[in-house]
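Just below is one structure, and these are the notes that go with it.
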Amino acid sequence: MAGVIRILTFICVAGYHQSSAGPVLRPALVVQAGQNVSLTCNMTSCVEFTWYAVRSNQLLPLLTVKESKLKEIIVSFNAAVSRFGTSGEMESGTLTLHILQAEEQDAGLYFCSGRCSGATHVNRGMHLVVDGKIVIFST
Ligand SMILES: *[C@@H]1O[C@H](CO)[C@@H](O)[C@H](O)[C@H]1NC(C)=O
Ligand SMILES: *[C@@H]1O[C@H](CO)[C@@H](O)[C@H](O)[C@H]1NC(C)=O
C-alpha cells in the first residue's frame, strides 16, 4: 500500500509541475458547467479500480470498484459527491467515471489506478476544464 501512495504522490506532484510550468502535457477535456462528463479508464485484467481527482494540489479518491469473490461488483464512494457514478465492465477492463452536470469545482486532473495482474497501474489522466461562463439552467 505504501508503494501505491508513493506512485500517486508522484503523479500528483508531476501534474502540478506541468500545469505551473507552462504547457500542459496531459490531454484536456473542456466542458461547460451543467454538462455530463464521462471519462474512461482502460486497463485489462484488473480486480480493483479507483478513480482519483487532483484539485488545488490535493489528491481526492472518488470511488473504488471491486469484484467480490462471488463476482459481485462493489462500488464504494469515497467522496461526498452524489453527482459521481461509474459504469463499465471489470472483465474487459473498461470502466467509465460519470460526472453528472459538471460544476466549476469539478475542474482538475482525473486519473484511475487499477490492481491488475498483481501490480498497481495508473493511467495518464485527463485534465477536466469546466468553463463556468455558460450556465445551463436545468430545472
Ligand atoms: C445528464 O444525465 C442525466 C442522467 O442520465 C440526464 O437526466 C440529463 O438530462 C443529462 N444532462 C445533459 C445536459 O445531458
Ligand atoms: C482500450 O485499450 C485497447 C488495447 O490497447 C484498445 O484496443 C481499445 O480501443 C481501448 N479502448 C478505449 C475505450 O480506449
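First listed ligand is number 1; within each ligand, the first listed atom is number 1. The chain is numbered in sequence order, starting from 1.
Summarising the geometry of G125 relative to F111, their closest heavy-atom pair is CA-CB, 3.6 Å, with the distance given to 0.1 Å.
The backbone N or O of Q101 lies less than 3.5 Å from a partner atom in the side chain of R83, making a donor-acceptor pair. The backbone N or O of Q32 sits nowhere less than 3.5 Å from a side-chain atom of D131 that would complete a donor-acceptor pair. Here the side chain of T86 pairs a donor or acceptor atom with the backbone of T96 at under 3.5 angstrom.
For ligand 1, the atoms sitting less than 4.0 Å from at least one non-hydrogen atom of G34 are 13 (C), numbered in the order shown with element in parentheses. Atom numbering of ligand 1 starts at 1 in the shown order; those under 4.0 Å from a heavy atom of L100 are 1 (C), 2 (O), 3 (C), 4 (C).
By heavy-atom distance, the residue among I99, V37, N36 lying nearest atom 14 (O) of ligand 1 is N36.
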